Amino acid sequence: MASRGKSETGKLKQNMEEQLDRLMQQLQDLEECREELEEDEYEETKRETLEQLNEFNESLKKIMSGNMTLVDELGGMQLAIQAAISQAFKTPEVIRLFAKKQPGQLRTRLAEMDRDVIVGKLQRDVYTQQKVEILSALRKLGEKLTAEDEAFLTTNASATLSQFEKVTANLGSEDKILALACTGVEKTKT
């Protein structure tokens, strides 16, 4: 009791981060193994993972409403989950780095992708999609983008990503963010 809940809060935060990492890794593994799976097996597994993310999001919502000391730390994780659910971001690694607020690692990943597309290790369309996601995540984390990056983002941003940007512009509008997340979940169920 001497910790006044600090150690418990730390354990809760660690458990939540581990759960988020596990779910993001599950999505990443699923994408990497897509070619090895039957289409219906892939869709079913993805649907189940998205349902788990939705349940995790609901747990976060309950925690956040009852314990204000965790709101700031869990807010980033909740946005990452909502991005996954709404499918604004399709790359689990980008979602994970965004949730952990790691702009340095996002920039490193972008540099690796620049190299990979030049040597032909990464397809141009995959590169474009992931670069848009990384640049959007960096912008959301308050990082300054170059004029070239801003132009790339403007030219290549998808409608879903643009909608995510608009909805999350005001982090206080939780209802709008949750509505977008619900829309993404309903689309995957049909």
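Since this is a predicted model, take the numbers as computed values, not measurements. Only this structure's heavy atoms are used, side chains among them; waters, hydrogens and symmetry mates stay out.
The closest donor-acceptor contact from the side chain of Asn156 to the backbone of Phe152 lies under 3.5 Å.
With respect to Glu44 and Arg47, a salt bridge is recorded, a charged nitrogen being found less than 4.0 Å from a carboxylate O.
Scored by the salt bridge (Lys or Arg N to Asp or Glu O under 4.0 Å) test, Arg34 finds Glu39 as partners (sequence neighbours excluded). In this view, Glu38 satisfies the salt bridge (Lys or Arg N to Asp or Glu O under 4.0 Å) rule with no residue, not counting sequence neighbours.
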| Criterion side chain to side chain donor-acceptor pair (under 3.5 Å) on Arg109 and Gln105, from CA distance to verdict | CA-CA 6 Å; Arg109 175 73 182 124; Gln105 289 185 327; over 6 Å; no
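Using a 4.5 Å cut-off between side-chain heavy atoms of Ile, Leu, Val, Met, Phe, Trp and Tyr, with links allowed through other members, Leu122 and Ile118 fall into the same hydrophobic cluster.
The other residues sharing a hydrophobic cluster with Tyr42 are Leu30, Leu37, where clustering joins ILVMFWY side chains under 4.5 Å apart.
In plain terms, the two heavy atoms of Arg107 and Lys144 that are nearest each other are NH2-O, 3.0 Å. Listed here is the closest heavy atom pair of Leu141 and Gln102: CD1-N, 4.2 Å. Considering all non-hydrogen atoms of both residues, Leu135 and Leu145 come closest at O-CD1, 3.8 Å.
Applying the 6.0 Å contact sphere to CD of Gln123 captures no more than 12 heavy atoms from other residues, nucleotides or ligands. In this structure, Glu32 places its CD atom where more than 12 heavy-atom neighbours from other residues, nucleotides or ligands lie under 6.0 Å away.
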